[in-house]
Amino acid sequence: MSKPPPRLQARSPRGFQDLSGHAVRARTKMIATIREVYDRYGFEPLETPALEYVDALGKFLPEQDRPDEGIFALKDTDEQWIALRYDLTAPLSRFVAQMGQDLVLPYRRYQVGSVWRNEKPGPGRFREFTQFDIDTIGTASPAADAENCAVLAEALEALGLKRGEFIVKINTRRLLDGVMERIGLQPGSADPQSLCVLRAIDKFDRVGIEGVRLLLTSGRKDESGDFTKGAGLSAQAADIVLDFMQAGQASRGETLSALARAVANAPSGRAGLDELEAIDRILANLGIDEGRAIFDPGIVRGLAYYTGAVLEAAITIEITDDEGRRRQIGSVAGGGRYDGLISRFTGTDIPATGVSIGVDRLMTALSLAGRIGASQAEGPVVVTVFDKSRMADYQRIAAELRAAGIRAEVFLGEGGLKAQLRYADRRGAPVAVIAGGDEFAAGTVSLKDLIAGRALSAEVAGNEQWREKSRAQVTVPRGELVAQVKAILQPPA
RNA sequence: GCCGCCUUAGCUCAGAUGGUUAGAGCGCUAGAUUGUGGAUCUAGAGGUCUCCCGUUCGAUCCGGGAAGGCGGUACCA
């Protein structure tokens, strides 16, 4: 006798999640809302494959002859490395380069889809998640960057966020270059020290100002005992960086004045100021005030390919999780200008700028903030099967409801009326249709208002009333079925 | 990657010094109610105590390892 094989474990890969029912509906709706805004600004839809050649993603490590860690890669039958896209920007760049002359520039496109990252999942961080991007290819005008901010603000408002519940923060890499120049680093270069400085600024949210100071100079030991090496700046150089990143003011104009002092004299800093001034004017023209978009010199974004304006959107609502702990919902969208990215394919720079909404994160934020209420009865009207020999009647009832645009289903499981009503209850059905011998004899149907009944049971505790079975139930002529169900679904105001 | 904590019923968690039969609440199933969900009461079902190796007469409990989870942190296009 051999042992029975061990039972298969049903589990999804770590960092991957299932979405069902309400979650899918809510997300679909969110995407539709955002799409509507993107559309209105004149962006065109684009879809690209989930897989790309790994060199198109820019993450191939030639010296090791294998793709970078952090992406899901595999070899196809031609021994070529292909990988799941980790964002929508690299595939867009490839598409633009591949289209060449056939693409009318400036090209403005939107795209929504899953991206995959092969790294450790964390709270609210998955290995597959959805991004919804807009990008404008082929213009260096700050108007495109300003529009990114405006679209973003408008999309967030369309999702029900009010003024003051979110903020778009804008900065530019050119100012950061100006700071680098002042402290004697090569502006715009990718040397380890510059990257370390940028990373330190990026961590302000988590480690605070003194934490950043340590990271800029000698290094920092965190609570878990882990030591992070510092950038090795002098105290004076660190002060310059710290002053710069804290130069943000409530109004864009004030921030510009403060920044003018902080990056004085550095040529790239001057270019950055000009850029932000232009963005400020355009935002004003577009009607985006300072309650929605501000300049924040502490915004750095990623580290690789941004060349100019960078931006981030944050939800500012105070949020508590299931256990009542306060939770920081960080940025829900981000992006910037990447004028050098497409030249990897074409050899010539094509200016480009875009922004990406993290759909899952935004969903999490909105539902934690109570903005995505599970509406209480999303289920269909359930037609109970009292008498199996009358199945044809039940199916006709369901068909009539559907023809009137009402979601309806005939109960397909096993069990008596009690089990069927319990099923209807759990399905979130608003109404159960009941028709047995009495109803058929009288030419009627009974409609049970499950929502009203649910509300009643909350207030009545006594055992006596329990058997008043007519509660929240009406018996109506069969011919009035649709009208009466509609009356229950949409009570006259 | 590094540090810390955790893993017992579908879920949240108790528990015994290493000893027969491992518990609670919620949920689930059924009945009270032969045609009625959601309240209440009663009963019932449900367990490889994560896995492997070791110590032991005997391990869910002790030791080692693995896997998974959680929380930091690093990297993050």
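Naming: A, B, ... by sequence-line order, numbering from 1 per chain.
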Distance in angstrom units between [X] [atom1] and [N] [atom2], rounded:
| X | N | atom1 | atom2 | value |
| --- | --- | --- | --- | --- |
| A:Tyr394 | B:G35 | OH | P | 12 Å |
| A:Leu450 | B:A39 | CG | P | 14 Å |
| A:Glu52 | B:A77 | CD | C1' | 14 Å |
| A:Arg301 | B:A77 | CZ | P | 7 Å |
| A:Leu417 | B:G31 | CG | P | 13 Å |
| A:Leu84 | B:A77 | CG | C1' | 15 Å |
| A:Tyr306 | B:A77 | OH | C1' | 8 Å |
| A:Leu195 | B:C76 | CG | C1' | 13 Å |

Heavy atoms under 4.0 Å, any strand shown: does A:Arg125 hit a base, just sugar-phosphate, or nothing?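 Base: the residue A:Arg125, judged by heavy atoms under 4.0 Å, touches a nucleobase.
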
Considering only the [atom1] atoms, how many Å lie between [N] and [M], rounded to the nearest integer?
| N | M | atom1 | result |
| --- | --- | --- | --- |
| B:A24 | B:A45 | P | 12 Å |
| B:A22 | B:G15 | C1' | 8 Å |
| B:A66 | B:C11 | C1' | 26 Å |
| B:G37 | B:C28 | C1' | 15 Å |
| B:U8 | B:A16 | C1' | 13 Å |
| B:U7 | B:G65 | C1' | 16 Å |
| B:G64 | B:G23 | C1' | 30 Å |
| B:U40 | B:G4 | P | 46 Å |

Tell me, which of residues 200-209 of chain A have any heavy atom that sits under 4.0 Å from an atom in RNA chain B? A:Lys203, A:Arg206

Could you check if a side-chain atom of A:Val300 sits within less than 4.5 angstrom of a side-chain atom of A:Asn171, using non-hydrogen atoms only? no

Of the listed nucleotides ([options]), which one gets closest to any side-chain atom of [X]?
| X | options | result |
| --- | --- | --- |
| A:Ile71 | B:A74, B:A77, B:G69 | B:A77 |
| A:Lys120 | B:G35, B:A77, B:C2 | B:C2 |
| A:Arg14 | B:G69, B:G37, B:G35 | B:G69 |
| A:Thr228 | B:C75, B:G37, B:A74 | B:A74 |
| A:Arg117 | B:G69, B:A77, B:U36 | B:A77 |

Does the side chain of A:Arg199 get closer than 4.0 angstrom to OP1 or OP2 of B:C76 through an N or O atom?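 It does, given that an N or O in the side chain of A:Arg199 lies less than 4.0 Å from OP1 or OP2 of B:C76.
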
Strictly below 4.0 Å: does A:Lys418 bring a side-chain N or O up to OP1 or OP2 of B:U36?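 For A:Lys418, the contact criterion (side-chain N or O under 4.0 Å from OP1 or OP2 of B:U36) is not met.
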
Hunt down the Watson-Crick or G-U wobble partner of [N], both distances under 3.5 Å, from any strand shown, or write none.
| N | result |
| --- | --- |
| B:U34 | none |
| B:A39 | none |
| B:G46 | none |
| B:G27 | none |
| B:G1 | B:U73 |
| B:U7 | B:A67 |
| B:G18 | none |
| B:U56 | none |

Take A:Leu215 and A:Tyr305, find for each the nucleotide of RNA chain B with the closest heavy atom, and name the residue whose nucleotide sits nearer the 5' end.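 Upstream on the strand: A:Leu215.
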
Using a distance-only criterion (donor-acceptor N/O pair, under 3.5 Å, no hydrogens), is the base of B:G35 paired with the side chain of A:Glu439?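 Pair found.
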
Going by modelled atom types, is there a donor-acceptor pair between the base of B:U36 and the side chain of A:Gln473 at under 3.5 Å?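 Such a pair is found, so the answer is yes.
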
Contacts of A:Tyr423 that satisfy ring pair (Phe, Tyr, Trp, His ring centres under 6.0 Å) - sequence neighbours left out: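 Expected list: A:Phe411.
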
If you count every heavy atom of other residues, nucleotides or ligands that lies below 6.0 Å from A:Gln395 atom CD, does the total exceed 12?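 Yes, enclosed.
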
Would A:Asp87 and A:Ser356 count as a side chain to side chain donor-acceptor pair (under 3.5 Å) here? Give the steps. CA-CA 9 Å; A:Asp87 70 10; A:Ser356 175; over 6 Å; no

Kindly confirm or rule out a cation-pi arrangement of A:Arg127 over A:Phe16, judged by NZ or CZ under 6.0 Å from the six-membered ring centre and within 45° of its axis? no

Do you know which two heavy atoms are closest between A:Arg361 and A:Ser331, and how far apart they sit?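 Nearest pair, atom of A:Arg361 first, then A:Ser331: NH1-O, 2.7 Å.
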
Can A:Glu275 and A:Arg173 be counted as an ion pair, charged N to O under 4.0 angstrom?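 Looking at A:Glu275 and A:Arg173, the cut-off is not met.
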
Using a strict threshold of under 4.0 Å (side-chain N to carboxylate O), is an ion pair present between A:Arg396 and A:Asp393?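 Result for this pair is yes, salt bridge flagged.
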
Is it the case that A:Arg94 and A:Thr48 place a side-chain donor and acceptor less than 3.5 Å from each other? no

Determine yes or no for a side-chain-to-main-chain donor-acceptor pair under 3.5 angstrom, with A:Glu400 supplying the side chain and A:Ile397 the backbone.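 No; judged by distance alone, with no hydrogens or angles, the pair does not exist.
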
Can you tell me which residue among A:Asp145, A:Thr307, A:Thr136 is in a side-chain hydrogen bond (donor to acceptor under 3.5 Å, both in side chains) with A:Arg337? A:Asp145

Listed pairs, N/O of protein and of nucleotides 26-30 of chain B, under 3.5 Å:
{"residue": "B:C28", "atom": "OP1", "partner": "A:Arg426", "partner atom": "NH2", "Å": "3.0"}
{"residue": "B:U29", "atom": "OP1", "partner": "A:Arg426", "partner atom": "NH1", "Å": "3.3"}
{"residue": "B:U29", "atom": "OP2", "partner": "A:Arg426", "partner atom": "NH2", "Å": "3.0"}
{"residue": "B:A30", "atom": "OP2", "partner": "A:Arg422", "partner atom": "NH2", "Å": "2.4"}

A:Phe132 and A:Tyr38 aromatic ring geometry - parallel, tilted or perpendicular at 30°/60° bounds: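 Aromatic pair A:Tyr38/A:Phe132 classed perpendicular.
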
Face-to-face stacking of A:Tyr86 with B:A77, centres under 5.5 angstrom, angle under 30°: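 Yes, A:Tyr86 stacks on the base of B:A77.
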
Given side chain to side chain donor-acceptor pair (under 3.5 Å), test A:Thr130 with A:Arg27 step by step and report yes or no. CA-CA 10 Å; A:Thr130 302; A:Arg27 196 160 101 141; 3.2 Å; yes

